[in-house]
Protein chains: 2
Amino acid sequence: MEDIDRQIVVLLAGDGRMSFTDLARETGLSVSAVHQRVRRLQKRGVIKGYSAVLDHEAVGLPLTAFVSIKPIDPAAPDDAPEKLAHLDEIEACHSVAGEESYILKVRVTSPGALEELLQQIRAAANVSTRTTVVLSTPYEGRPPRL
Amino acid sequence: MEDIDRQIVVLLAGDGRMSFTDLARETGLSVSAVHQRVRRLQKRGVIKGYSAVLDHEAVGLPLTAFVSIKPIDPAAPDDAPEKLAHLDEIEACHSVAGEESYILKVRVTSPGALEELLQQIRAAANVSTRTTVVLSTPYEGRPPRL
DNA sequence: ATCTGCCGGTCGATGTCCTCCACGCCTAGA
DNA sequence: TCTAGGCGTGGAGGACATCGACCGGCAGAT
């Protein structure tokens, strides 16, 4: 990937609604050239999409936690991600190396909702859970350097 | 916050570049009404910004890890987030309850780069680290339910 | 009951931006 | 030298964002 593509990617990672006109000005290219590069980046999957970044407190999900899960029966087939996908409170699911097999990032409205969610997770995927609640997040979703 | 604002928020969380025309069609409002609601959501900070979601492999950062940090001197002032902010490989920093004090999400190019980053983290914040490398991420950054 | 603000909506006009197409410039290979 | 392909520019059209003017309903005060 070329240097100018990297530049476009970091610009769009920083401001996903930046106009093609502005992108062109920043990169020194014409609008059309930028446009076709962005389309190519999307087609190649480098840019997977665009998203609004929310204030989770303002949106009514003030409690964030990381939930590490470990299968109760280690011999059972490991399809926890699919079994948990229907739980909208789960924002992300990472398969990890180490003691536990997955780390889930969850957002809920209250401690009570967290308790209920943990029960659902254990029941749906037949796992034990270890949860770490986040107290505050100084920063999150920062754009990469490249 | 009203129902229609929630709807706008989830639509924009799912597609951050959706046009106001499409938003208006989805919500049943006029373009102007949607426009003014979105501006209000931004002014109130409910929508903090927009971002392109990237394929981190394609962008040259194929290795993701969670780094839990714990101060070596518990009596020292706790300003780890500021001391670590200059490290661009750190995508997120959460203050957490539990054994460790922060969880960092980091993205690097290689295991070697991870090793180097860990040294920088330890040196910059005077902490010990415990890192969990992610093997794959089935999903990430899903829009909330509300 | 009427008046008065205000919030939130529609409508319409204007300027900007997106999007596509035709063309030109390099470079590589036969 | 010819040719093909990748990548850029420029322009034209239509779609879109943005703003102002106007309108209707609701609440509180007179």
Side-chain angles (χ1 to χ4, degrees), chain A residues 1-62 109 140-146, chain B residues 1-62 109 140-146:
Chain A
M1 201 175 61
E2 304 175 38
D3 216 38
I4 216 162
D5 281 330
R6 293 178 201 282
Q7 192 182 354
I8 290 173
V9 163
V10 313
L11 286 169
L12 283 176
D15 177 5
R17 285 198 88 124
M18 183 175 289
S19 73
F20 288 94
T21 306
D22 289 346
L23 280 174
R25 190 183 314 115
E26 294 285 332
T27 57
L29 267 52
S30 72
V31 174
S32 300
V34 167
H35 191 252
Q36 105 186 17
R37 277 179 182 272
V38 170
R39 265 188 310 184
R40 196 178 51 193
L41 286 168
Q42 289 175 162
K43 186 157 53 77
R44 280 196 282 164
V46 178
I47 296 175
K48 292 198 286 186
Y50 301 90
S51 175
V53 5
L54 308 178
D55 182 332
H56 295 91
E57 297 206 14
V59 98
L61 296 169
T109 61
E140 185 177 16
R142 303 200 304 175
R145 181 167 45 93
L146 305 185
Chain B
M1 201 176 58
E2 304 176 37
D3 215 39
I4 214 161
D5 282 330
R6 293 177 201 280
Q7 192 182 353
I8 290 173
V9 163
V10 312
L11 285 170
L12 283 177
D15 177 6
R17 285 198 86 123
M18 183 176 290
S19 73
F20 288 94
T21 306
D22 289 347
L23 280 174
R25 189 182 315 117
E26 294 285 331
T27 56
L29 268 55
S30 73
V31 174
S32 299
V34 167
H35 192 253
Q36 106 185 16
R37 277 179 182 271
V38 170
R39 265 188 309 184
R40 196 179 52 194
L41 287 168
Q42 290 173 162
K43 185 156 53 76
R44 279 196 282 164
V46 179
I47 294 176
K48 292 197 286 184
Y50 301 90
S51 175
V53 4
L54 307 178
D55 182 333
H56 295 91
E57 298 207 13
V59 99
L61 295 169
T109 61
E140 185 177 16
R142 303 200 304 176
R145 183 167 44 95
L146 305 187

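We name chains A, B, ... by the order of the sequence lines, and we start the count at 1 in each one.
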How long is the span from the [atom1] atom in [X] to the [atom2] atom in [Y], to the nearest 0.5 Å?
{"X": "B:Gln36", "Y": "B:Ser30", "atom1": "CD", "atom2": "OG", "result": "8.0 Å"}
{"X": "B:Arg44", "Y": "A:Asp55", "atom1": "CZ", "atom2": "CG", "result": "11.0 Å"}
{"X": "A:Leu61", "Y": "B:Leu146", "atom1": "CG", "atom2": "CG", "result": "6.0 Å"}

Using a cut-off of 4.0 Å between protein heavy atoms and nucleotide atoms, how would you tag nucleotides 16-22 of chain D 5' to 3' with B, S and -?
-> SSBB---
Spacing between [X] atom [atom1] and [N] atom [atom2], to the nearest angstrom:
{"X": "A:Arg40", "N": "D:dG5", "atom1": "CZ", "atom2": "P", "value": "17 Å"}
{"X": "A:Leu29", "N": "D:dC7", "atom1": "CG", "atom2": "P", "value": "12 Å"}
{"X": "A:Gln36", "N": "D:dG6", "atom1": "CD", "atom2": "P", "value": "11 Å"}

Partner set under side-chain contact (heavy atoms from CB on, under 4.5 Å) for B:Glu140, not counting sequence neighbours = A:Ala92, A:His94, B:Lys105, B:Arg107, B:Thr137
Give a yes or no answer on whether the side chain of A:Gln7 reaches the backbone of A:Glu26 with a donor-acceptor pair at less than 3.5 Å.
-> yes
Taking C-beta and beyond as the side chain, do A:Leu29 and A:Arg37 meet within less than 4.5 Å on heavy atoms?
-> yes
Show every donor-acceptor pair shorter than 3.5 Å between a side-chain atom in residues 45-53 of chain B and any protein atom, with sequence neighbours excluded, or say none if there are none.
from	atom 1	to	atom 2	distance (Å)
B:Tyr50	OH	B:Gln42	OE1	2.8
B:Ser51	OG	A:Ala13	O	2.9

To the nearest 10 degrees, how far apart in direction are the end axes of the helix from C:dT19-D:dA12 to C:dA30-D:dT1, each fit to five base pairs?
-> 10°
A:Arg40: partners by salt bridge (charged side-chain N to carboxylate O under 4.0 Å, His left out), with sequence neighbours left out = A:Asp5
Does B:Arg17 count as lying over the ring of A:Phe20, i.e. NZ or CZ under 6.0 Å from the six-ring centre, within 45 degrees of the axis?
-> yes
side-chain contact (heavy atoms from CB on, under 4.5 Å) with A:Leu12: of A:Asp15, A:Ile8, A:Val9, only one passes, and it is A:Ile8
Nucleotide range of DNA chain C lying under 4.0 Å from chain A heavy atoms | C:dC17 to C:dC20
